[in-house]
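See below for the structure under consideration.
Model, not experiment: these values are computed from the prediction. What you see below is based on every heavy atom in this structure, not just the backbone, and it leaves out hydrogens, waters and symmetry mates.
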Amino acid sequence: MQVEFESACAAIKQLKRPVSDQDKLLIYSYYKQATQGDCNIAAPPDSDAKAKAKWEAWNQNKGMSKMDAMRIYIDKVEELKKNEAG
């Protein structure tokens, strides 16, 4: 699973088409959950909209195992790769 995850991490950087902000947040949240576990930082201020959105996305995965997060991350990257291929 770790090798597939690392491969997906590399593949996401190779995509040619732009990734939607929503997909970026999803990928970010599962990456953080897979690599660090539950969100362990204080919520940023509402005035920092980007940081707040990233924090909320990661925090929604609270309780998810690192392995499940890796699996979902890999699946999402594969979906994006297929969409790009047409």
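- With sequence neighbours excluded, the residues satisfying side-chain contact (heavy atoms from CB on, under 4.5 Å) with S47 are P45.
- The ring-ring contact (aromatic ring centres under 6.0 Å, His included) analysis of residues 40-72, with sequence neighbours excluded, yields no pairs.
- Judged as a salt bridge (charged side-chain N to carboxylate O under 4.0 Å, His left out), and not counting sequence neighbours, E56 has no contacts.
- For the salt bridge (charged side-chain N to carboxylate O under 4.0 Å, His left out) test, residues two or more places apart in sequence or in another chain that qualify with D68 are R71.
- Applying the side-chain contact (heavy atoms from CB on, under 4.5 Å) criterion to E79, with sequence neighbours excluded, gives K76, N83.
- The environment of Q22 atom CD is sparse: at most 12 non-hydrogen atoms of other residues, nucleotides or ligands sit within 6.0 angstrom.
- Residues A69 and A34 share a closest heavy-atom pair of CB-N, 3.6 Å.
- Here L80 sits in one hydrophobic cluster together with M1, F5, I12, L15, V19, L26, I27, Y30, Y31, M64, M67, M70, I72, Y73, I74, V77; the rule is ILVMFWY side chains under 4.5 Å apart, joined directly or through other members.
- In this structure, C39 and Q33 approach most closely via the heavy-atom pair N-OE1, 4.4 Å.
- Not counting sequence neighbours, the partners of A57 by the side-chain contact (heavy atoms from CB on, under 4.5 Å) test are L25, S29.
- Evaluation of the side-chain hydrogen bond (donor to acceptor under 3.5 Å, both in side chains) test over residues 10-19, restricted to residues two or more places apart or in two chains, returns none.
- Evaluation of the salt bridge (Lys or Arg N to Asp or Glu O under 4.0 Å) test over residues 24-38, restricted to residues two or more places apart or in two chains, returns none.
- The side-chain contact (heavy atoms from CB on, under 4.5 Å) search around K50 returns D48, K54, not counting sequence neighbours.
- Residues passing the salt bridge (charged side-chain N to carboxylate O under 4.0 Å, His left out) test with K81 are E78, sequence neighbours excluded.
- Remark: E84 engages no residue in a salt bridge (charged side-chain N to carboxylate O under 4.0 Å, His left out) (not counting sequence neighbours).
- The line from NZ of K66 to CD of Q36 is 8.0 Å long, rounded to the nearest 0.5 Å.
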